[in-house]
Student: 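Pasting in a structure now, in structure tokens, and then I'll have a few things to ask.
Every value quoted in this text rests on a predicted model; they were computed, and no experiment measured them.
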Amino acid sequence: MTWLLILILVPLAGSLVLAFLKGNDRAAVLAALGFSILEFLLVIPFWLSYSPSGARLQQTSSFDWIPSFGVHIAFGTDGISLIMIAVIALLVPIVVGGLGTLDKLPPGRSAGGFLSLILLQEALTIGVFAATDVFLFYVLFEIMLIPMYFLIGGYGGANRQYAAVKFFLYSFLGGLIMLASAIGAYSLAKDKLGHGTFDWATLVTVVRDAPLSTQIWLFLGFFLAFAIKAPLVPFHTWLPDAAGEAPIGVAVLLVGVLDKVGTFGFLRYCLPMFPDASKTLAPLVLVLSVIGVLYGSILAAGQRDMKRFIAYVSIAHFGFISLGIFAFNEQAMVGSATYMLNHSIATGMLIVVIGLVIARGGSSKISDYGGMAKVTPLLAGLFLLAGLSTLSLPGTNSFVSEFLVLIGAFVDQPVYTILATVGMVLAAAYVLWLYQRVMQGPVRGDALVGVGGGPGTAIAPELGAKKAIRDLSGREIAILAPLVVLVLFLGFYPKPVLDTVTPTVQQTLSAVQGGK
């Protein structure tokens, strides 16, 4: 029983417990909070036990599942999967603690059902990042769609069913195509070794020697599944709908963590298993990446809905991450790997802050807000901090990642890097524009400061019919505090994360450069 298996089993056990607490919302919230905090505490020794200078995969375990087909329940972690497991363990307690503040459950829906799905989503997502058997990875890749489908379709906005079905079908189709490529890799192993296997480490050594044409076809199967999940343009259209309709807490996990399965897949599967195909098709991926940066930035600036705004911002960021990966430069790839973590923190914080704004105003439309900084100065300050982290201001956590991508990618891909840099300028424009519209200027509805709710409150019809607008409560500060600390800490001292992911990136690059 490794730490990694415990990290998968704890939220799974919590999900089962919560399934029996559907009639008691208070007990369900307390139980979910207990399990999620326990999970986060267990991540600390798990991180400390990881040795960056050790083997590529650590905390490994393997059990026979379908021996006749060489399928195992096998898990292990490297530096990149480690940081993603850590960030989901951080975000889930925030989502649980925000229930009732960030999200109001629909009538007739219990907290136990909602939180059971959240913990199940956590367990499955950790399993996806930890799987070292390609068939197991595919199974978890598909199964983890189910709780997210119900979270969006059962607890989301007015168009939740359309968004949930679109999300599910896009990712499910991508997974089926990936399965076809996985079966192709299995066949190659059977021809070369005399027996089939889905073991990741074995397939890396087998498939990399395949002819270029074979590699390209197999690469495309994996790449398409991951490009949809990331999402890269033009496979992105499910994300604005899903993020726009999902509850705030679900959006935190969807945009903050689940999307990273795509870029993680590029690093874990596409590059080491298909090095020659990766290098051959890199120009195509770089074009899509730059288009994503510019397209996402331009459309973000034109959004009228704050939740859809976040979706397009993320599309731009994922273009930036894939640019660093397929530049095949160590600095750029390290920047992309750490950007996966930093995007989760920065975007997670921005979604939470926007959720707190929506909870006060009852609307996600940008035009329904204005001047909130006058009555909620603390919320406005954290909104600005989250926005500055999103645009990678020096001193915030995202800056180092973006800087590494730029200086690394420019060495080998100067044209693509210069074009992507334009997205940085646009990022500053659209983030500050959002902050200006929501927090600055006159208070919407000629709100009466200090009337009807004491100091620091306002009554604004557009912000919810004659509803008192208050600044952050102690509970809301507690929810945001861990994210604020990480934004500032990693902005000035990113060394722990860089030291963790750099050896894994070096091993990935070595596998790519060792191709034919």
Student: List for me each residue that meets side chain to side chain donor-acceptor pair (under 3.5 Å) alongside Tyr295, sequence neighbours excluded, and say none if there are none.
Tutor: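 Partners of Tyr295 by the side chain to side chain donor-acceptor pair (under 3.5 Å) criterion, ordered by chain and then number, come out as His236.
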Student: Using modelled atom types only, decide if a donor and an acceptor are shared between the side chain of Asn342 and the backbone of Asn397 within a distance under 3.5 Å.
Tutor: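 Here the side-chain-to-backbone pair exists.
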Student: Could you measure the distance from the CG atom of Leu12 to the CG atom of Leu119? Nearest 0.5 Å is fine.
Tutor: 9.5 Å
Student: Just checking, is any N or O donor in the side chain of Ser49 or Gln59 under 3.5 Å from an acceptor N or O on the other one?
Tutor: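 A donor-acceptor contact under 3.5 Å links the two side chains.
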Student: Side chains of Tyr312 and Pro240: does their closest heavy-atom pair fall under 4.5 Å?
Tutor: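 Of all side-chain heavy-atom pairs linking Pro240 with Tyr312, at least one is under 4.5 Å.
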Student: Could you walk me through whether Tyr170 and Thr237 satisfy the side-chain hydrogen bond (donor to acceptor under 3.5 Å, both in side chains) test, starting with their C-alpha distance in whole Å, then the side-chain angles of each, then the deciding distance to 0.1 Å, before giving a yes or no?
Tutor: CA-CA 9 Å; Tyr170 268 62; Thr237 59; 2.8 Å; yes
Student: Give a yes or no answer on whether the side chain of Ser510 reaches the backbone of Gln506 with a donor-acceptor pair at less than 3.5 Å.
Tutor: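 No, because the side chain of Ser510 does not come within donor-acceptor range (under 3.5 Å) of the backbone of Gln506.
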Student: Could you go through the side chain to side chain contact (heavy atoms under 4.5 Å, CB included) check for Thr263 and Ser336 one step at a time?
Tutor: CA-CA 9 Å; Thr263 48; Ser336 291; over 6 Å; no
Student: Answer yes or no: is there a donor N or O on one side and an acceptor on the other, between the side chain of Lys279 and the main chain of Val512, under 3.5 Å?
Tutor: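 Yes, the answer is positive, given that a donor and an acceptor are paired below the 3.5 Å cut-off.
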Student: For Phe135 together with Tyr186, are the ring centres under 6.0 Å from each other?
Tutor: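 No, they do not, as the ring centres are separated by 6.0 Å or more.
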Student: Looking at every non-hydrogen atom in both residues, tell me the closest pair between Gln215 and Ala210 and how far apart they are.
Tutor: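 Minimum heavy-atom separation between Gln215 and Ala210: NE2-O, 3.3 Å.
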Student: Would you give the length of the straight line joining atom CD1 of Ile325 to atom CZ of Phe264, rounded to the nearest 0.5 angstrom?
Tutor: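 Taking CD1 in Ile325 and CZ in Phe264, the distance rounds to 11.0 Å.
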Student: For residues Leu498 and Val400, report the shortest heavy-atom separation together with the two atoms involved.
Tutor: CD1-CG1, 4.4 Å
Student: Would the distance check show the side chain of Ser81 and the main-chain N or O of Asp78 forming a donor-acceptor pair, the cut-off being under 3.5 Å?
Tutor: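 Flag set: sc Ser81 to bb Asp78 pair under 3.5 Å.
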Student: Within the distance-only criterion (no hydrogens, no angle test), does the side chain of Gln413 pair as donor or acceptor with the backbone N or O of Ala327 below 3.5 angstrom?
Tutor: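 Not confirmed, Gln413 side chain does not pair with Ala327 backbone.
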Student: Could you point out which residue of Phe219, Phe222, Phe326 forms a ring pair (Phe, Tyr, Trp, His ring centres under 6.0 Å) with Phe266?
Tutor: Phe326
Student: Would you say the side chain of Leu281 lies within less than 4.5 Å of the side chain of Leu220, judging by non-hydrogen atoms?
Tutor: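 Leu220 reaches Leu281 side chain to side chain.
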Student: Check the pair His343, Ser398 against side-chain hydrogen bond (donor to acceptor under 3.5 Å, both in side chains), reporting the backbone distance first and the verdict last.
Tutor: CA-CA 7 Å; His343 177 268; Ser398 301; over 6 Å; no
Student: Is the side chain of Arg208 donor-acceptor paired with the backbone N or O of Ala511 at a distance under 3.5 Å, no angle test?
Tutor: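 Indeed, once roles are kept as given, a pair shorter than 3.5 Å links the two residues.
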Student: Side-chain contact, heavy-atom cut-off 4.5 Å: Ile85 with Leu4?
Tutor: yes
Student: Decide yes or no on side-chain hydrogen bond (donor to acceptor under 3.5 Å, both in side chains) for His72 and Asp64, but give the supporting numbers first.
Tutor: CA-CA 5 Å; His72 298 80; Asp64 285 341; 3.2 Å; yes
Student: As a quick check of understanding, evaluate side-chain hydrogen bond (donor to acceptor under 3.5 Å, both in side chains) for Tyr339 and Glu402, giving each step before the final call.
Tutor: CA-CA 7 Å; Tyr339 212 150; Glu402 192 164 286; 2.9 Å; yes
Student: What pair of heavy atoms forms the shortest contact from Val87 to Ser344, and how long is it?
Tutor: CG2-CB, 3.6 Å
Student: Quick one: CG on Leu115 to CD on Glu122, what's the gap to the nearest 0.5 Å?
Tutor: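 Answer rounded to 0.5 Å: 11.5 Å.
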Student: Mind checking the CH2-CG spacing from Trp3 to Leu42? Nearest 0.5 Å is all I need.
Tutor: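 Spacing of CH2 (Trp3) from CG (Leu42) equals 5.5 Å.
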Student: Go through the steps to decide whether Thr500 and Trp47 satisfy the test side chain to side chain contact (heavy atoms under 4.5 Å, CB included), and finish with yes or no.
Tutor: CA-CA 9 Å; Thr500 300; Trp47 186 300; 3.5 Å; yes
Student: Measuring from Leu124:CG to Leu258:CG, what's the distance to the nearest 0.5 Å?
Tutor: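 Going from CG on Leu124 over to CG on Leu258, the span is 9.5 Å.
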Student: Starting at OG of Ser62, measure out to CD1 of Ile73 and round the result to the nearest 0.5 Å.
Tutor: 9.0 Å
Student: Of the non-hydrogen atoms in Val505 and Ala337, which two are nearest, and what is the gap between them?
Tutor: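 Shortest heavy-atom separation between Val505 and Ala337 comes out as CG2-CB, 4.2 Å.
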Student: With the side chain counted from C-beta on, respond yes when Arg308 and Asp241 share a heavy-atom pair under 4.5 Å apart, and no when they do not.
Tutor: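 Arg308 vs Asp241: side chains touch.
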Student: How far apart are the C-alpha atoms of Ser278 and Phe328, what are their side-chain angles, what is the distance that settles it, and do they pass the side chain to side chain contact (heavy atoms under 4.5 Å, CB included) test?
Tutor: CA-CA 10 Å; Ser278 297; Phe328 299 118; 4.0 Å; yes
Student: For Phe69, is the NZ or CZ atom of Lys190 found under 6.0 angstrom from the centre of its six-membered ring and inside 45 degrees of the ring axis?
Tutor: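 The answer is no; the distance or angle limit is not met.
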Student: Could you tell me which non-hydrogen atom of Gly175 sits nearest to which non-hydrogen atom of Tyr138, and how far apart they are?
Tutor: O-CE1, 3.1 Å
Student: Is it true that, when you exclude Trp217 itself, more than 12 heavy atoms of the residues, nucleotides or ligands shown sit nearer than 6.0 Å to its CH2?
Tutor: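 No, the 6.0 Å shell around CH2 holds no more than 12 heavy atoms from other groups.
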Student: Checking Thr132 side chain against Ala74 main chain: does a donor-acceptor pair fall under 3.5 Å?
Tutor: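 Indeed, once roles are kept as given, a pair shorter than 3.5 Å links the two residues.
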Student: Any side-chain to backbone donor/acceptor pair from Trp238 onto Ile228? Under 3.5 Å, distance only.
Tutor: yes
Student: Of the non-hydrogen atoms in Ala189 and Leu203, which two are nearest, and what is the gap between them?
Tutor: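 Taking every non-hydrogen atom into account, CB-CD2, 3.9 Å.
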Student: Side chains of Thr2 and Phe75, heavy atoms from C-beta outward: is any pair under 4.5 Å?
Tutor: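 No, every pair of side-chain atoms sits at 4.5 Å or beyond.
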Student: May I have the step-by-step check of side chain to side chain contact (heavy atoms under 4.5 Å, CB included) for Phe63 and Leu5, ending in yes or no?
Tutor: CA-CA 12 Å; Phe63 309 94; Leu5 281 177; 3.8 Å; yes
Student: Have a look at Val92 and tell me which of Ile88, Ile94, Val95 forms a side-chain contact (heavy atoms from CB on, under 4.5 Å) with it.
Tutor: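 Among Ile88, Ile94, Val95, the one meeting side-chain contact (heavy atoms from CB on, under 4.5 Å) with Val92 is Ile88.
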Student: Do the side chains of Thr77 and Phe46 get nearer than 4.5 Å, heavy atoms only?
Tutor: yes
Student: For the NZ atom on Lys166, are there more than 12 heavy atoms of other groups (residues, nucleotides or ligands in this structure) within a distance under 6.0 Å?
Tutor: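 Enclosed.
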Student: Determine all donor-acceptor pairs shorter than 3.5 Å in which one atom belongs to a side chain in residues 143-164; sequence neighbours excluded.
Tutor:
unit_1	atom_1	unit_2	atom_2	d
Tyr155	OH	Phe114	N	3.3
Arg160	NE	Gly153	O	3.2
Arg160	NH1	Gly157	O	3.1

Student: Counting only N and O atoms by type, is there a donor-acceptor contact under 3.5 Å from the side chain of Thr396 to the main-chain atoms of Leu393?
Tutor: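 Flag set: sc Thr396 to bb Leu393 pair under 3.5 Å.
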Student: Side chains of Thr202 and Thr197: do they bring a donor and an acceptor to under 3.5 Å?
Tutor: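 No pair is found: no donor N or O on one side chain lies under 3.5 Å from an acceptor on the other.
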Student: Where the side chain of Thr338 meets the backbone of Val334, is there a donor-acceptor pair that is under 3.5 Å apart?
Tutor: yes
Student: Side chains of Phe129 and Arg268: does their closest heavy-atom pair fall under 4.5 Å?
Tutor: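 Contact flag for Phe129/Arg268 side chains = no.
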